[in-house]
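First comes the structure, then the notes that go with it.
Note: hydrogens, waters and symmetry copies are ignored here, and every other heavy atom, side chains too, is used. The chains referred to below are lettered A, B, ... by the order of the sequence lines, with proteins before strands, and numbering in each begins at 1.
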Protein chains: 2
Amino acid sequence: VIETRRLTKSYQMGETIVHALRDVDFMVETEELIAVMGASGSGKSTLLNILGCLDKPSSGEYILEGKPVSELGKKEYAPFRNEKFGFVFQSFNLLPRTSALENVELPLVYDRAGRVGKPRRAAEEALRRVGLGDRMHHMPNQLSGGEQQRVAIARALVNNPAIILADEPTGNLDTSTSADVMTLFQELNRDGMTIIVVTHDPEIAECAKRIVLMRDGRIHGDNQVSA
Amino acid sequence: VIETRRLTKSYQMGETIVHALRDVDFMVETEELIAVMGASGSGKSTLLNILGCLDKPSSGEYILEGKPVSELGKKEYAPFRNEKFGFVFQSFNLLPRTSALENVELPLVYDRAGRVGKPRRAAEEALRRVGLGDRMHHMPNQLSGGEQQRVAIARALVNNPAIILADEPTGNLDTSTSADVMTLFQELNRDGMTIIVVTHDPEIAECAKRIVLMRDGRIHGDNQVSA
Ligand SMILES: Nc1ncnc2c1ncn2[C@@H]1O[C@H](COP(=O)(O)OP(=O)(O)OP(=O)(O)O)[C@@H](O)[C@H]1O
Ligand SMILES: Nc1ncnc2c1ncn2[C@@H]1O[C@H](COP(=O)(O)OP(=O)(O)OP(=O)(O)O)[C@@H](O)[C@H]1O
Ligand SMILES: [Mg+2]
Ligand SMILES: [Mg+2]
């Protein structure tokens, strides 16, 4: 469902060039559950942002469900992305003046096909699944770090996307809550969702079916997890 | 050096009251290295914010170096806090339009006693200690999540505070970089700094000398780590 060929991403910083991604060839079949690990700065978020159509590569190709993403028109980008992906951002990206519930409902604003049913109910259900049934009306600054992270997770699932891209979704969670999140991802994966999780936590990675290691902007290792 | 008595913190949310802290009695001697653990929402950040004079309790007393903090005048609060504490925030709180180097120099603006020497040099040194010597001129949005976290750590150390309060300082760091941060904290502790680290990571907690467990706004356990 996802295929990248020789993907690179570079940033010009005055005199130096930062090579965030260098020649990344990455293939993902539908219904995979993949953990991406690697040192801080190795290019994981950069890769995830390109996969989620939030950023464009400096060179190379990205082919999603058989179509080259570079051929999408400007107007097609956002609806296409909102329909295909649920994204958990490394820094949550919640709207500050909006309650947890309204933040989670937001992707459903785009759901014009009405695939998901009543937005408010779907949002409440998603929040309950991450243990925040009693925090729905809190603003982000009235939530703990781990609660904000879980709102971001609920928002990623609410429109039942085909692909979830989660950037360090348990960095602010205790061991038990992290395990709950991974169990939830495993259930969603069994129901057909393709899931890519960037993580620093080996216990999270062990719950995936495949582990991809990144280093200095390259894919350094790619292994099936033995059951 | 730190003593709290019957500290409570509550928030009125319409009809309900959220009890973030309930009757917390917490004592810290100088030069301790303490890990605070507990489930998401158990009150760890709330406690740390009160200890760092960033927030006031709803009731109870906080005595810092023998003086009740409630007796500080409005004008004394900020300079007192900036001189005593280095704070690593759970969400980093970096200034977005300011480079990593300038963000780290910021606490030294308050250092009128000139205790630390040249601000720019101290800031460069702190950034090198966390492995960001080659990222000094990047803006926060040009840094990875873990790099931003390390800028926040460098900023907390730069003015050589007596007490460091670190709220989940390794949540976005890989295992090896996390271990480097903890080694750094252990060195600073041997040099006389009192350090309190909120963490979800058992490997970080094992590097501390004492582990405090929180649950539902209370201290649930408090144990010396056997060497
Ligand atoms: N301003 C606020 N208004 C209402 N409730 C709040 C506010 N700030 C925090 N809370 C609530 O207080 C509880 C404790 O919050 P705190 O941030 O201390 O948790 P924590 O232990 O740091 O959690 P985490 O590990 O997720 O960071 C949470 O359940 C949170 O929802
Ligand atoms: N806009 C930018 N301009 C310049 N350099 C950038 C920019 N964005 C990212 N970088 C650099 O690219 C590298 C890769 O960043 P990326 O965010 O992908 O890392 P990461 O693997 O997600 O790290 P972490 O685990 O710390 O989140 C980093 O070294 C970062 O400094
Ligand atoms: Mg990242
Ligand atoms: Mg917290």
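- Using a 4.5 Å cut-off between heavy atoms, B:Gln148 does not touch chain A at all.
- Of the atoms belonging to B:Glu147, heavy atoms from both backbone and side chain fall under 4.5 Å from chain A.
- B:Thr199 OG1 to A:Asp174 CG: the interatomic distance, rounded to the nearest 0.5 Å, is 11.0 Å.
- With a 4.5 angstrom heavy-atom cutoff, A:Gln142 touches chain B only via side-chain atoms.
- In this structure, A:Thr175 and B:His200 approach most closely via the heavy-atom pair OG1-O, 3.9 Å.
- Proximity to chain B among residues 2-18 of chain A is limited to A:Met13, A:Val18, judged by heavy-atom separations below 4.5 angstrom.
- Put simply, of B:Ala20, B:Gly145, B:Pro202, the one with the most heavy-atom pairs under 4.5 Å next to chain A is B:Gly145.
- Applying the salt bridge (charged side-chain N to carboxylate O under 4.0 Å, His left out) test to pairs two or more places apart or on separate chains, those with a residue in residues 95-106 of chain A are A:Glu105-A:Arg120.
- Residues of residues 36-54 of chain A placed with any heavy atom under 4.5 Å of a heavy atom in chain B are listed by number as A:Gly38, A:Ala39, A:Ser40, A:Gly41.
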May I have the list of side-chain donor-acceptor pairs in residues 123-131 of chain B shorter than 3.5 Å, sequence neighbours left out?
{"from": "B:Arg129", "atom 1": "NH2", "to": "B:Glu187", "atom 2": "OE1", "distance (Å)": "3.4"}

